[in-house]
**Q** 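Sharing a structure, written as structure tokens. Questions coming.
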Amino acid sequence: MAPALLGCVLEHDTAAGLVAVELTEVEAYAGAVDPASHAFRGRTNRNAVMFGPPGHAYVYFTYGMHFCVNVTCQPVGVPEAVLLRAGRVIAGEALARGRRVRWRPGEIKTPGMNEAGDAVPATAMPVRDLARGPARLCQALAIDREQNGGDVCDPSSPLRLRPGDGGTRMAGERAIGVGPRVGVTAGADTAWRFWIANDPTVSVYRQSKPRARKQQDSR
DNA sequence: CGTCGGATAATCT
DNA sequence: GATTATCCGACGA
């Protein structure tokens, strides 16, 4: 399923307008047999959607500030899904850019302004970075908890998946890259990440790095 | 381009 | 209480 999704289009229709991306990078997570999968240790409230019917969005919140979206791809009871890691914006670029304005805690959260309060030019966020990475993709498409469990195969859903504009699957004529998944600890040697070769919107590979443990009193 | 640390909170042990 | 399917700015090469 994962490489088959490359080149397909994910679009989110909201009151603000529609943003669409052509998927350029995905990762497969194989539930019960995959220690890197959220479903590896069984069903919980968080991963319940993974155990549901295929073609639905599994949206989770992580690192205290980011959302990521998966598409389930197996029958009820088989918790397998594909994480949508990156895409190329093909519609709603201005809206996506507005959603990608960032700020730091405690600072003014005004779209179009930077931390100093200066107007941010339209070129501040390169188009290639609008959905380059799973949390960035969710930002650009305004995907959050509301979309968890949604049927992305129903064309009438706000968040839906459709064949690519090229009309072909498997990213058409383009070569597909294969490699280990980003940021996972268990199962780091399993090559279940797929991307469109030489596409600038594919995120940079990063190995999982154990974070320093919470500082004890070091005196 | 690469590495590093901070932000920040749901989830699980 | 530890961990995390991340992002971003700062800094150095």
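Since the model is a prediction, treat every value here as computed from it, not as a measurement. Proteins get letters first, then strands, A, B, ... in listed order; numbering begins at 1 in each.
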**Q** Stacking here means centres under 5.5 Å and planes under 30°; does A:Y63 stack on B:dT8?
**A** no

**Q** Return the nearest nucleotide to the side chain of A:M65; candidates are B:dT8, C:dA5, B:dC12.
**A**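 It is B:dT8.
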
**Q** Would you mind listing the cluster partners of A:L18? Hydrophobic ones only (ILVMFWY), side-chain contacts under 4.5 Å, chaining allowed.
**A** none

**Q** Whole angstrom is fine here: how far is it from CG in A:D129 over to P in C:dG9?
**A**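 The distance from CG of A:D129 to P of C:dG9 comes to 10 Å, rounded to the nearest Å.
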
**Q** A:Y205 OH to B:dG2 P: how many Å, rounded?
**A** 13 Å

**Q** Starting from C1' on C:dT6, measure out to CZ on A:R181 and report it in whole angstrom.
**A** 16 Å

**Q** Between C:dT6, C:dA5, B:dA9, spot the one nearest the side chain of A:S37, thanks.
**A**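 When the side chain of A:S37 is considered, C:dA5 is the closest of C:dT6, C:dA5, B:dA9.
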
**Q** Assign each of A:R136 and A:V184 to its nearest nucleotide of DNA chain C by heavy atoms, then name whichever residue's nucleotide is nearer the 5' end.
**A** A:V184

**Q** With a 3.5 Å cut-off and no angle check, do the side chains of A:E25 and A:S203 form a donor-acceptor pair?
**A** yes

**Q** Identify which nucleotide among C:dT6, B:dT13, C:dT4 has an atom closest to any side-chain atom of A:R41, counting heavy atoms from C-beta outward.
**A** B:dT13

**Q** Among B:dC4, B:dC12, C:dT6, which nucleotide sits nearest the side chain of A:R46?
**A**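 Among B:dC4, B:dC12, C:dT6, the one nearest the side chain of A:R46 is B:dC12.
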
**Q** Under 4.0 Å between any heavy atoms, over every strand shown, what does A:N70 touch: base, sugar-phosphate, or nothing? Just pick one.
**A**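 Touches a base.
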
**Q** Which heavy atom of A:A86 sits nearest a heavy atom of A:G133, and at what distance?
**A** CB-N, 3.7 Å

**Q** Where do A:Q139 and A:R100 land on the side-chain hydrogen bond (donor to acceptor under 3.5 Å, both in side chains) test, with the steps shown first?
**A** CA-CA 6 Å; A:Q139 274 182 37; A:R100 289 276 292 121; 2.9 Å; yes

**Q** Please confirm whether A:Y29 and A:H38 have ring centers closer than 6.0 angstrom.
**A**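 They do not qualify: ring centres at least 6.0 Å apart.
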
**Q** So, is A:T185 near the phosphate of C:dT4, with a side-chain N or O under 4.0 Å from OP1 or OP2?
**A** yes

**Q** What's the CZ-P distance between A:R100 and C:dT6, to the nearest Å?
**A** 14 Å

**Q** Find the runs of at least 3 consecutive base pairs, i with j, i+1 with j-1 and so on, that include DNA chain C, using Watson-Crick or G-U wobble geometry with both distances under 3.5 Å.
**A**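 When the pairs of DNA chain C are grouped into runs of at least three, the stems are B:1-7 with C:6-12, B:9-12 with C:1-4.
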
**Q** In whole Å, I'd like the distance from the CG atom of A:D144 to the P atom of B:dA10.
**A** 14 Å

**Q** Apply side-chain hydrogen bond (donor to acceptor under 3.5 Å, both in side chains) to A:S208 and A:T185, showing your working.
**A** CA-CA 6 Å; A:S208 168; A:T185 52; 4.9 Å; no

**Q** Start at the 5' end of DNA chain B and walk down; is the nucleotide closest to A:R145 or to A:H66 reached first?
**A** A:H66

**Q** Whole angstroms only, please: what is the CZ-P distance between A:R193 and C:dT6?
**A**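 To the nearest whole Å, that distance equals 10 Å.
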
**Q** Check the distance between C:dT4's P and A:F40's CZ and give it to me in whole angstrom.
**A**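 The answer, rounded to whole Å, is 14 Å.
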
**Q** Check this for me, if you would: do A:D189 and A:R181 make a salt bridge, where the nitrogen-to-carboxylate-oxygen distance has to be below 4.0 angstrom?
**A** no

**Q** Name the closest nucleotide to the A:T44 side chain, picking from C:dA5, B:dT11, C:dC7.
**A**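 My answer, after comparing the listed nucleotides, is B:dT11.
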
**Q** Nearest heavy atom decides the nucleotide; on that basis, is A:G64 or A:G133 closer to the 5' end of DNA chain C?
**A** A:G64

**Q** Measure the distance from CD on A:Q139 to P on C:dC8 and round it to the nearest whole Å.
**A** 6 Å

**Q** Check for me: is A:F61 stacked on B:dA10 by the 5.5 Å centroid and 30° plane-angle rule?
**A** no

**Q** Under 4.0 Å between any heavy atoms, over every strand shown, what does A:A135 touch: base, sugar-phosphate, or nothing? Just pick one.
**A**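 Here A:A135 touches the backbone only, sparing every base.
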
**Q** Within the side chain of A:T72, is there an N or O that forms a donor-acceptor pair under 3.5 Å with the backbone of A:P53?
**A** yes

